[in-house]
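Since the structure comes first, as structure tokens, the remarks are kept for the end.
Lettering of chains follows the sequences in order, A, B, ..., and the numbering in each one begins at 1. Values in this document were obtained by computation on a predicted structure and should not be read as measured data.
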Protein chains: 2
Amino acid sequence: MSKQPKYQQVADALRREIDNGTYGPGSRLPSEAELAARFDASRNTVRSGLSLLVSQGLITSSQGLGYEVRKHEVFELNASRFENLDFPQNGDAYSTDVVNAGRRPHQTFRVEVTTTPEYIAQRLKVEPGSRSVLRFCHRFVDDVPWSTQATHYPDWLVQEAPRLAEPGDIDEGTTRYLAGLGIEQVGYADEIATRMPTPEEARLLEIGPGVPVLLWTRTGYTTERPVRCTVTTFRGDLNRMNYEIGDLSARNENEAK
Amino acid sequence: MSKQPKYQQVADALRREIDNGTYGPGSRLPSEAELAARFDASRNTVRSGLSLLVSQGLITSSQGLGYEVRKHEVFELNASRFENLDFPQNGDAYSTDVVNAGRRPHQTFRVEVTTTPEYIAQRLKVEPGSRSVLRFCHRFVDDVPWSTQATHYPDWLVQEAPRLAEPGDIDEGTTRYLAGLGIEQVGYADEIATRMPTPEEARLLEIGPGVPVLLWTRTGYTTERPVRCTVTTFRGDLNRMNYEIGDLSARNENEAK
DNA sequence: TAGTGGTCTAGACCACCTC
DNA sequence: AGGTGGTCTAGACCACTAC
């Protein structure tokens with residue numbers, strides 16, 4: 001058993017006390033000065049220990065207030081049910097999901113013409129650097145930044161569906177608008193990854209240290225070819241994705257919760 | 001434009017230089033002492049900036065060696081094709097996937113009888129604290145820790161399928177073994193989440209700071225009820241999950257890569 | 001105004017790697 | 001041996017929040 005550095009001992013001790021409920025979710029930790037006295041360490045050493053827990057997503061800190069144990073509540077997104085065309089409502093699937101969960105959604109929206117980034121071009125099977133329309137959405141739930149969503153449409157598609165390039169929302173939803181033009185998406189390729197946020201993402205999503213992002217890339221296909229590529233960036237601490245595969249009648253028949 | 005703290009300026013400057021290729025993947029950064037001179041800051045301040053980049057997963061550090069720009073290579077796992085019963089090979093789907101990618105897999109394995117944790121019990125629709133069999137797998141690719149996988153089987157199922165409780169691998173795969181007993185999984189409910197690793201996970205997966213884990217929970221159902229719940233923990237920097245939904249003939253017909 | 005965390009410094013000593 | 005990062009200290013000053 002090798003000797004642990006002191007800041008590790010601080011972090012471990014506090015983690016144990018958080019795990020066993022001494023400090024519950026939302027409660028405040030003792031101040032740095034108190035902890036320094038308790039562990040017979042300098043304030044800086046205590047800070048090292050605390051910053052470890054911060055970067056592990058266990059606690060947060062705010063100037064003038066102190067350290068607080070992080071609360072976890074997650075929003076579930078059913079990706080296999082998403083964007084069903086027999087959708088009962090107008091508006092997009094996101095708002096419906098959020099309202100159904102008893103929460104209040106809002107979003108900011110913008111449309112621009114861009115050159116297609118490499119990552120997107122691969123998936124849309126177009127030349128990198130060619131033109132595409134980007135529809136970008138910044139989403140909030142109860143005024144907390146929740147996710148960003150960037151959908152790219154290739155240039156050839158915009159020729160057939162000019163409203164994609166117009167600013168402002170498309171009331172019936174873009175998927176349905178395209179379907180009305182005979183461009184029906186019959187398949188999706190989803191990719192899911194995780195990493196720490198870039199500074200830009202941290203700003204948009206108001207993510208503190210220790211919170212990863214969940215990246216969801218969906219490429220939509222007609223029977224002929226890919227028609228759109230959507231990259232959604234979620235706060236990892238607030239979201240979970242669900243997929244249903246095959247026959248789940250055994251699960252759904254007596255659903256309570 | 002408010003003034004940034006000096007350690008932020010250090011982090012931002014280095015991030016820019018990494019992004020624009022001044023320091024490419026795998027290359028070494030200047031030493032702390034050199035950076036301190038360059039930014040006219042104390043060594044501790046430079047360390048704050050560097051540790052920011054470490055916790056963002058952009059660089060790693062090793063004692064005696066220095067700081068290095070992280071390399072990214074990801075392994076893709078197709079979750080919708082996974083565990084297909086018409087699978088051509090013996091052995092489990094994981095090994096097949098890895099070998100197909102030209103990599104060398106190995107795993108350690110253990111079986112134990114446990115009391116069902118809350119999280120699992122909910123999904124298997126059994127009492128929390130009741131008995132279940134846990135089959136646990138620690139997986140490596142080219143000797144790099146890759147993922148852990150813990151599958152729980154409820155007690156009632158183990159009565160019908162006693163080999164589940166025996167130590168050692170089941171050659172034909174557990175899914176096929178169960179199918180041979182008339183217990184066929186016809187549906188899966190998948191849940192995907194991300195967070196920073198616990199110290200235990202960081203140890204098993206040899207994860208450094210700044211790397212999140214990807215959590216994949218799959219509950220398998222017969223037409224009657226849930227029969228198993230598998231929780232897989234991936235290193236977030238090395239793995240990506242894919243799902244294919246609906247008709248993707250347009251994508252697969254002229255697949256090159 | 002008092003208490004909290006945030007930034008920054010200068011310096012000491014240790015542990016690890018390479019030569 | 002010399003250079004690298006890792007740990008730790010003591011103290012200063014700033015910025016934010018509460019009262």
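- For B/F140, the ring-ring contact (aromatic ring centres under 6.0 Å, His included) test picks out B/H106, B/H138, with sequence neighbours left out.
- Of the residues in residues 22-30 of chain B, none has a non-hydrogen atom less than 4.0 angstrom from any atom of DNA chain C.
- DNA chain D is contacted by A/K6, A/Y7 of residues 6-19 of chain A, taking any non-hydrogen atom closer than 4.0 Å.
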Just the table, please: protein N/O against nucleotides 15-19 of chain C N/O, every pair under 3.5 Å.
from   : atom 1 : to    : atom 2 : distance (Å)
C/dC16 : O4'    : B/Q63 : OE1    : 3.4

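- For the segment residues 32-48 of chain B, the set of residues with a heavy atom within less than 4.0 Å of an atom of DNA chain D comprises B/E32, B/R43, B/N44, B/R47, in numerical order.
- Under the side-chain hydrogen bond (donor to acceptor under 3.5 Å, both in side chains) criterion, A/T114 pairs with no residue, sequence neighbours left out.
- Checked by atom type, the side-chain pair B/T45/B/S42 shows a donor-acceptor distance below 3.5 Å.
- For B/Y243, the ring-ring contact (aromatic ring centres under 6.0 Å, His included) partners two or more places apart in sequence, or in a different chain, are A/Y243.
- Listed by first and then second residue, the side-chain hydrogen bond (donor to acceptor under 3.5 Å, both in side chains) pairs involving residues 59-71 of chain A are A/E32-A/Y67 (not counting sequence neighbours).
- Every side chain to side chain contact (heavy atoms under 4.5 Å, CB included) that A/S147 has, sequence neighbours left out, goes to A/R139, A/T232, A/F234.
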Exercise answer: donor-acceptor pairs, residues 202-212 of chain A side-chain atoms, under 3.5 Å, sequence neighbours excluded:
from   : atom 1 : to     : atom 2 : distance (Å)
A/R203 : NH2    : A/E200 : OE1    : 3.2
A/R203 : NH2    : A/E200 : OE2    : 3.3

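- In this structure, the side chain to side chain contact (heavy atoms under 4.5 Å, CB included) partners of A/D19, at least two apart in sequence or on a different chain, are A/R15.
- When DNA chain D is scanned 5' to 3' for any atom under 4.0 Å from a heavy atom of chain A, the first and last hits are D/dT7 to D/dA18.
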